[in-house]
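What follows is a set of notes on a single structure, which appears directly below.
Lettering follows sequence order; numbering is per chain, from 1. Side chains included, hydrogens not; waters and symmetry mates left out as well; all remaining heavy atoms used.
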Number of protein chains: 2
Amino acid sequence: MADTLFQKIYSHPLMNPEDLEIIASLHQRVILSKNDFLLREGKTSNAYYLVEKGLIRFFVNDFNGQEITTQFICENEIANEVSSLFQHLPSIQNIQSVTDAVVWKIEFNDFQYLYHSMESIREWGREWMSGQLFQTQQRSIEMITHSASMRYLQLIEHRPQIVQQAPLKQIASYLGIADTSLSRIRKEMITN
Amino acid sequence: MADTLFQKIYSHPLMNPEDLEIIASLHQRVILSKNDFLLREGKTSNAYYLVEKGLIRFFVNDFNGQEITTQFICENEIANEVSSLFQHLPSIQNIQSVTDAVVWKIEFNDFQYLYHSMESIREWGREWMSGQLFQTQQRSIEMITHSASMRYLQLIEHRPQIVQQAPLKQIASYLGIADTSLSRIRKEMITN
DNA sequence: AAGGCCACTTTACCTATGTCAAGAAATGCT
DNA sequence: AGCATTTCTTGACATAGGTAAAGTGGCCTT
């Protein structure tokens with residue numbers, strides 16, 4: 001069952017079972033309780049995590065001390081604060097479990113070893129990063145072109161786990177609106 | 001003068017003059033007139049561009065046919081539609097010169113050759129991508145946490161060339177507001 | 001069972017930004 | 001130079017979403 005996790009996440013045309021086995025052997029299973037932190041603001045990231053079970057979020061604190069959720073990571077996705085991990089800079093983001101969760105950790109040094117010894121993971125890595133960049137850009141564009149209620153509808157449609165598992169306040173800040181506004185949008189969706 | 005362009009852009013701890021010379025030799029100088037396209041929506045990108053002179057923008061068409069400027073690329077920066085170039089997918093973005101410009105083009109195949117033969121450019125590439133990801137995330141966060149006039153002030157402060165060289169409508173869509181709103185913000189900034 | 005806390009909702013009011021339409025200024029074209 | 005087109009500004013009005021404060025209900029703790 002963890003095997004299919006690795007297969008799903010590390011899928012790439014150049015990937016083969018031998019490489020995959022080596023990759024998997026460098027991951028370690030970690031059990032998380034709700035609200036546990038995987039990375040705290042100000043610390044430098046030294047690992048990333050594959051999510052087997054549960055929901056993870058990234059958040060920052062804005063200048064009024066409000067928590068802004070910037071990403072949700074669902075099952076079969078990767079929680080990786082790229083700019084801290086690859087540039088060895090203190091993170092401005094926090095990574096925290098929203099629910100109880102099971103994740104697989106791989107340390108930077110082990111990844112770095114793989115990256116230098118396997119073409120498959122290098123190519124996979126570049127593709128993963130470009131996919132992340134694409135998603136982040138899409139999200140920016142949607143913040144501009146769609147209304148808050150449209151954004152909420154899209155979230156329900158495309159990532160229902162988030163709407164089911166995360167508290168309203170986190171979803172609201174992810175959508176870029178106040179929690180009372182999300183509450184109002186929910187109400188209008190029911191009555192109309 | 002083009003040499004310092006390559007030095008600035010391809011700077012990385014592992015980079016050395018020999019590598020840099022090989023890299024530079026695979027770029028080709030291209031002269032652009034205002035409004036020329038480097039990539040059109042629906043086409044698959046097969047190159048990226050270093051900007052020596054002038055201003056370049058990325059834009060998408062939203063569902064009402066409005067152009068939304070998603071990025072401005074200034075001098076000594078790179079114009080690269082990553083997800084089209086590296087995943088060979090049709091681009092949803094357009095890349096167009098805002099002013100007359102001089103850029104240096106490198107084709108995907110040549111880059112790919114470098115990427116496989118030089119550790120320096122591989123590491124540089126990963127760092128560049130993670131930098132891009134960071135910037136894009138920062139921009140999303142600012143769209144949520146800052147008001148339109150704050151965003152405009154930040155743009156004036158951090159990237160004045162854009163404010164000087166791009167037309168108001170493009171700047172407004174980049175800031176995520178209507179052009180009339182940006183005009184009003186400008187007025188308020190003068191009188192207050 | 002009682003108190004306390006948290007997540008969510010609701011209401012009233014406020015403000016930033018959008019929309020539309022008109023005019024002024026700048027730029028480009030022949 | 002002169003006309004056309006685009007760019008920018010302005011004003012009146014509309015609306016999505018913000019803020020603050022109070023209310024409801026659930027759940028945990030003792």
Side-chain angles (χ1 to χ4, degrees), chain A residues 33-35 55 57 59 62-69 72 96-100 140-156 162-192, chain B residues 32-36 54-55 57 59 61-69 72 96-100 140-156 162-192:
Chain A
S33 302
K34 183 174 169 173
N35 297 331
L55 181 65
R57 70 171 182 136
F59 72 93
D62 80 359
F63 47 88
N64 321 308
Q66 295 273 332
E67 291 183 359
I68 312 288
T69 296
F72 285 108
Q96 186 188 32
S97 61
V98 175
T99 63
D100 292 348
S140 281
I141 292 170
E142 282 175 12
M143 295 296 291
I144 295 177
T145 57
H146 295 351
S147 66
S149 35
M150 274 289 282
R151 280 165 1 233
Y152 183 54
L153 281 170
Q154 301 269 25
L155 193 66
I156 291 174
I162 294 172
V163 179
Q164 287 151 16
Q165 301 185 71
L168 174 136
K169 197 165 44 160
Q170 291 176 15
I171 298 170
S173 76
Y174 178 72
L175 294 173
I177 58 179
D179 47 2
T180 54
S181 298
L182 180 51
S183 204
R184 167 167 46 204
I185 286 168
R186 283 184 169 172
K187 185 182 168 190
E188 281 160 6
M189 280 178 48
I190 294 166
T191 56
N192 300 334
Chain B
L32 301 172
S33 303
K34 183 173 171 175
N35 298 330
D36 280 354
L55 181 64
R57 69 170 183 138
F59 72 93
N61 286 292
D62 81 359
F63 47 87
N64 320 310
Q66 294 274 331
E67 291 182 0
I68 312 287
T69 296
F72 285 108
Q96 186 189 32
S97 60
V98 175
T99 62
D100 292 347
S140 282
I141 293 170
E142 282 175 12
M143 294 296 291
I144 295 177
T145 56
H146 294 352
S147 67
S149 35
M150 273 290 282
R151 283 168 355 237
Y152 183 55
L153 280 171
Q154 300 270 26
L155 193 67
I156 291 172
I162 294 172
V163 179
Q164 287 152 16
Q165 301 185 74
L168 174 135
K169 196 166 43 162
Q170 293 176 13
I171 298 170
S173 75
Y174 179 73
L175 293 174
I177 58 179
D179 48 1
T180 53
S181 298
L182 179 52
S183 203
R184 168 168 45 205
I185 286 168
R186 283 185 169 171
K187 186 182 168 192
E188 281 160 6
M189 280 179 46
I190 294 166
T191 55
N192 299 333

* Asked: Rounded to whole angstroms, how far apart are CG on B:Asn64 and C1' on C:dC20?
  -> 15 Å

* Asked: Taking all atoms of both residues into account, what is the closest heavy-atom pair of B:Gln165 and B:Val98, and its distance?
  -> O-CG1, 3.8 Å

* **Under 4.0 angstrom between B:Lys187 side-chain N/O and D:dG11 OP1 or OP2** => yes

* Applying the side-chain hydrogen bond (donor to acceptor under 3.5 Å, both in side chains) test to A:Gln96, which of A:Arg57, A:Lys34, A:Glu67 qualifies? -> A:Arg57

* Spacing of B:Arg186 atom CZ relative to C:dA24 atom P, expressed in whole Å -> 20 Å

* Nearest-angstrom distance from the residue atom CD of B:Gln66 to P of C:dC20 -> 10 Å

* Asked: Is it true that a side-chain atom of B:Ser173 and a backbone atom of B:Thr69 form a donor plus acceptor pair closer than 3.5 Å?
  -> yes

* Do B:Phe63 and A:His146 have ring centres separated by under 6.0 Å? -> yes

I'd like a list of close polar pairs between nucleotides 16-18 of chain C and the protein, N/O only, cut-off under 3.5 Å.
residue, atom, partner, partner atom, Å
C:dT17, OP1, B:Ala148, N, 2.8
C:dG18, OP1, B:Ala178, N, 3.3
C:dG18, OP2, B:Ala178, N, 3.0
C:dG18, OP2, B:Ser181, OG, 2.4
C:dG18, N7, B:Arg184, NH2, 3.1
C:dG18, O6, B:Arg184, NH1, 3.3

* To do: Return the value, rounded to whole Å, for the distance between atom CG of A:Leu175 and atom P of D:dG18.
  => 10 Å

* Asked: In whole Å, what is the span from the CD atom of B:Gln165 to the P atom of D:dC8?
  -> 14 Å

* **Under 3.5 Å donor-acceptor, A:Thr99 side chain and A:Leu55 backbone** => yes

* Asked: To the nearest Å, how far apart are B:Asn35 CG and D:dT7 C1'?
  -> 13 Å

* Rounded distance (Å) that lies between atom P of D:dT7 and atom CD1 of B:Ile171 -> 13 Å

* Under 3.5 Å donor-acceptor, B:Ser33 side chain and B:Asp36 backbone -> no

* Locate the shortest heavy-atom distance separating B:Ile171 from B:Ala166; write the atom from each residue and the value. => CD1-O, 3.4 Å

* To do: In whole angstrom, give the distance that lies between atom CD1 of B:Ile144 and atom P of D:dA16.
  => 20 Å

* To do: Would you check if A:Ile185 and A:Ile177 make a side-chain contact, meaning some heavy-atom pair closer than 4.5 Å?
  => yes

* Asked: What one-letter contact string describes nucleotides 25-30 of chain C from 5' to 3', where B marks a base within less than 4.0 Å of any protein heavy atom, S marks contact via sugar-phosphate atoms alone, and - marks no contact?
  -> ------

* Are B:Gln170 and B:Ile162 side-chain neighbours, meaning at least one heavy-atom pair lies under 4.5 Å? -> no

